[in-house]
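Take a look at the structure set out below.
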Amino acid sequence: MPLKIYNDLTRQKEEFQPINSPRVGLYVCGITPYDETHLGHARAYLTFDVIRRYLEYSGFYVNHVQNITDIDDKIIQKSRLRQGSGGQAKVKEVAEEYTRSYFEVMDRLNVKRAGDYPKATDLIPDMIKWIEGLVDKGFAYSLEDGVYFEVDKFKDYGKLSGRKKEGMEAGARVEVDINKRNPLDFVLWKKAKEGEPSWDSPWGKGRPGWHIECSVMSTKYLGEQFDIHGGGLDLLFPHHENEIAQTEALTGKVPWVKYWVHNGFVNINQQKMSKSLGNFFTLKEIYEQYDPMVVRLFLLSTHYRSPLNFSDAQLKESQAAYQKIVKTIEDLDFLIIKVPETEEVEVKETRDELADLEEKFKMAMDDDFNSAAAVGVIFETVHFINEHIKEKKIDRDSLQADKDKLLEFCGVLGLKIENRKSKIENRIEDLIAEREAARKNKDFKRADAIRKELLADGIIIEDTPYGAKWRKNA
RNA sequence: GGCGCGGUACCCAAGCGGCAAGGGAGCGGUCUGCAAAACCGCGAUGCGGCGGUUCGAAUCCGCCCCGCGCCUCCA
């Protein structure tokens with residue numbers, strides 16, 4: 001079955017065929033570093049991390065580029081608020097601080113780093129060239145406060161968002177600049193006000209508008225036409241619409257981007273989690289209570305385009321579910337050492353079953369990266385393994401095959417599964433040995449006392465026909 | 001006003017024309033010195049409502065109800 005991807009440009013699932021297969025160009029709209037990363041951001045970047053991982057798993061070579069908008073009104077504002085100054089050095093400090101924080105928190109979520117992270121401030125000369133080009137071609141005009149893109153000059157304006165210029169209530173909530181030729185015209189170059197960071201340009205000191213950055217950065221790294229451009233649903237309009245307009249206007253190459261992909265929001269009580277509403281949870285806060293991999297599982301359990309409601313109860317459920325996977329791996333590790341060598345037949349049966357599961361797993365992911373269905377297959381695999389373990393005759397190689405396959409699926413989704421045992425001290429092993437001896441002597445009082453003692457440290461003992469084993473209660 | 005998304009069991013969530021995945025919670029059982037875990041079994045004749053198309057509909061079409069998003073910086 002071919003890999004299908006939902007394309008917002010055509011509003012349907014399409015077979016994925018990269019322009020230069022097996023190479024894939026993937027551009028993701030990155031952060032504006034003026035505050036802590038919250039769960040909504042995590043969902044976005046995790047979505048594209050999963051897409052990237054699955055493409056790589058499927059044999060593609062992905063060139064993943066994600067920008068950093070390190071100059072912007074909000075950063076300037078933050079810098080002022082904090083230091084009473086909007087000077088360039090301070091603005092840079094703020095951007096760098098939150099960029100660092102972003103990487104910290106995303107690394108823990110096991111989001112792979114992109115191949116490049118271009119910063120807006122590093123490419124200002126390129127942006128100026130672009131704007132000059134647009135002015136030359138008659139797509140842009142100058143006003144007192146900046147240079148604007150004229151949407152009426154671009155025929156296809158609205159093709160991504162499906163909007164018609166007439167239908168939009170421009171100015172409904174934001175004041176219309178009466179000097180603009182069309183209220184939808186957007187700024188390419190913003191002239192600097194007193195005390196703002198600025199760069200020289202043919203239009204005087206100023207800074208680039210938001211939309212132009214992504215066009216310049218993405219084409220610089222991925223070429224004038226590339227495969228996938230992604231971001232949160234909230235970027236679809238106007239950001240991505242404007243990017244298409246300015247890029248296709250300048251290069252004349254259509255389509256600029258083959259597949260447009262947008263992830264859905266994280267909601268709280270049916271409302272979008274957002275900075276402006278102030279109803280957001282930062283990853284740092286969430287990590288205080290939940291392992292990052294629990295958060296990851298939680299995010300993976302809903303298809304990336306559907307809304308995802310955040311709640312503590314849901315996170316708790318994900319935690320229980322995650323424990324189940326971890327425990328299965330720990331059980332396998334325990335048994336692989338204890339169990340006898342292999343007989344050929346058994347391994348084959350196991351392998352056949354695992355191959356069927358792999359088929360299902362791929363089918364799920366081939367269908368527009370359906371990680372929720374793929375997680376379902378992971379639990380079917382867990383179920384299969386637990387049944388397998390129960391059998392009287394089990395052998396080393398089949399168990400190893402079980403373990404490899406489970407970890408393979410988890411790996412594709414970026415779920416790290418660690419046997420927590422490796423981290424724990426010998427003291428526990430000693431106590432367990434003592435308890436085992438006590439049980440042999442029918443000294444159950446002592447045995448129970450030891451179990452109780454370990455439980456106080458969050459260690460749970462489980463007796464099995466192969467001996468006692470233990471795990472940490474998370 | 002324009003454009004768009006969603007409503008599937010107690011909760012979450014896949015499925016999008018052919019027997020309703022999976023997780024969590026619950027209940028019953030097997031195993032166990034007692035446990036824990038695991039395993040087995042139970043759990044929607046039903047997919048917001050009403051019509052229609054079809055041999056067959058959660059799935060397609062129409063109308064309606066409810067919730068949400070975008071049109072403004074936002075992932």
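From a predicted model like this one, the values you see are computed outputs, not experimental measurements. Chain identifiers are assigned alphabetically (A, B, ...) following the order of the sequence lines, protein sequences preceding nucleic acid strands; residue numbering begins at 1 within each chain.
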Report yes or no: is there a donor-acceptor pair, N or O only, under 3.5 Å between the side chain of A:R451 and the base of B:C34?
-> yes
Decide, applying a 5.5 Å centre-distance limit and a 30° plane-angle limit (both strict), whether A:F444 stacks on B:G33.
-> yes
Mind calculating the distance between CG (A:L299) and P (B:A75) to the nearest angstrom?
-> 16 Å
Given B:A75, is OP1 or OP2 found less than 4.0 Å from the side-chain N or O atoms of A:N263?
-> no
Grab the CG-C1' distance between A:D331 and B:A36 for me, whole Å please.
-> 12 Å
If you draw the axis of the six-membered ring of A:F334, does the NZ or CZ of A:K469 fall within 45° of it and under 6.0 Å from the ring centre?
-> yes
With sequence neighbours excluded, tell me which residues meet side-chain contact (heavy atoms from CB on, under 4.5 Å) with A:L455.
-> A:I460
Heavy-atom donor-acceptor pair, A:N267 side-chain to B:G67 base, under 3.5 Å | no
Got a sec, which residues hit ring-ring contact (aromatic ring centres under 6.0 Å, His included) with A:H41, two or more places apart in sequence or on another chain?
-> A:H38
Find the distance between CZ (A:F298) and CZ (A:R43) and round it off to the nearest 0.5 Å.
-> 8.5 Å
A:K13 to A:Y6 six-membered ring, cation-pi geometry met (6.0 Å, 45°) = no
Annotated protein contacts, base or backbone, on nucleotides 14-27 of chain B with a non-hydrogen cut-off under 4.0 Å, one of B, S, - each | SS-----BSBB---
Position toward the 5' end of RNA chain B (nearest nucleotide), A:E462 or A:K445 | A:K445
Looking at the angle O4'-C1'-N9-C4 for a purine or O4'-C1'-N1-C2 for a pyrimidine, is B:A58 syn or anti, with syn meaning within 90° of 0?
-> syn
Using the C1' atom in both, what is the distance from B:C19 to B:G46, to the nearest Å?
-> 14 Å
Taking CG from A:N309 and P from B:U8, how many angstroms apart are they, rounded to a whole number?
-> 12 Å
Looking only at N and O atoms, is any donor in the side chain of A:R11 or the base of B:G4 less than 3.5 Å from an acceptor on the other one?
-> no
Pairwise C1' distance for B:U54 and B:U59, with rounding to whole Å = 13 Å
Per nearest nucleotide of RNA chain B, the residue lying toward the 5' end, A:D463 or A:G231, is A:D463
Give the intermediate values and the outcome of side chain to side chain donor-acceptor pair (under 3.5 Å) for residues A:D72 and A:T69.
-> CA-CA 7 Å; A:D72 154 282; A:T69 301; over 6 Å; no
Out of B:A36, B:A75, B:C71, which nucleotide sits closest to the side chain of A:R471?
-> B:A36
